[in-house]
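See below for the structure under consideration.
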Amino acid sequence: MSTTTSGLHVPAFPVPSFHGARALLHIWMERARKRQQDRDAMALLSDRELQDFSADRWTIGQELRKPFWRG
């Protein structure tokens, strides 16, 4: 620890804050979990149900192959 001439306390070694990194990691993990849930739900749909969405298995597969951070 050190003190400047103005009397302010300034740590000799800056302590990194991981709060922002932890928050970002939490968001990414949540998106990855949601993406996996979407994959599981789409896998259970029949071709007829997909037609109701105006989609097919190939289109849904292309969408779910995108990285979760683009979700």
Side-chain angles (χ1 to χ4, degrees):
M1 289 187 223
S2 66
T3 305
T4 63
T5 56
S6 64
L8 295 174
H9 174 70
V10 179
F13 300 102
V15 179
S17 171
F18 296 108
H19 179 69
R22 287 180 62 199
L24 182 62
L25 180 62
H26 177 72
I27 290 168
W28 278 32
M29 289 174 63
E30 183 65 25
R31 286 184 183 176
R33 185 187 62 75
K34 177 73 171 109
R35 198 75 164 170
Q36 185 61 47
Q37 286 178 341
D38 292 346
R39 280 189 197 103
D40 294 344
M42 289 294 171
L44 297 176
L45 295 176
S46 69
D47 290 336
R48 176 67 184 133
E49 290 171 318
L50 289 174
Q51 269 184 336
D52 291 343
F53 292 121
S54 300
D56 56 17
R57 295 222 178 263
W58 186 83
T59 307
I60 296 296
Q62 288 296 100
E63 185 64 28
L64 292 175
R65 277 186 202 83
K66 291 180 181 176
F68 65 87
W69 57 84
R70 293 187 60 203

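Values reported hereafter were calculated over all heavy atoms of this structure, with side chains retained and with hydrogens, waters and symmetry mates removed.
For Glu30, the salt bridge (charged side-chain N to carboxylate O under 4.0 Å, His left out) partners at least two apart in sequence or on another chain are Arg33. Contacts of Arg65 classified as salt bridge (charged side-chain N to carboxylate O under 4.0 Å, His left out), with partners at least two apart in sequence or in another chain: none. Under the rule for a salt bridge (charged side-chain N to carboxylate O under 4.0 Å, His left out), the partners of Asp38 that lie at least two apart in sequence or sit in another chain are Lys34. The side chain to side chain contact (heavy atoms under 4.5 Å, CB included) check on Ser54 picks up nothing, with sequence neighbours excluded. Partners of Ala55 under the side chain to side chain contact (heavy atoms under 4.5 Å, CB included) rule, at least two apart in sequence or in another chain, are Phe53, Ile60. By the salt bridge (charged side-chain N to carboxylate O under 4.0 Å, His left out) test, Asp40 is found to be paired with no residue, residues two or more places apart in sequence or in another chain being considered.
Nearest heavy-atom pair across Met42 and Arg57 is O-NH1, 3.5 Å. The two residues Leu50 and Leu45 make their nearest non-hydrogen contact at CD2-CD1, 3.8 Å.
The line from CE of Met29 to NE2 of His26 is 8.5 Å long, rounded to the nearest 0.5 Å.
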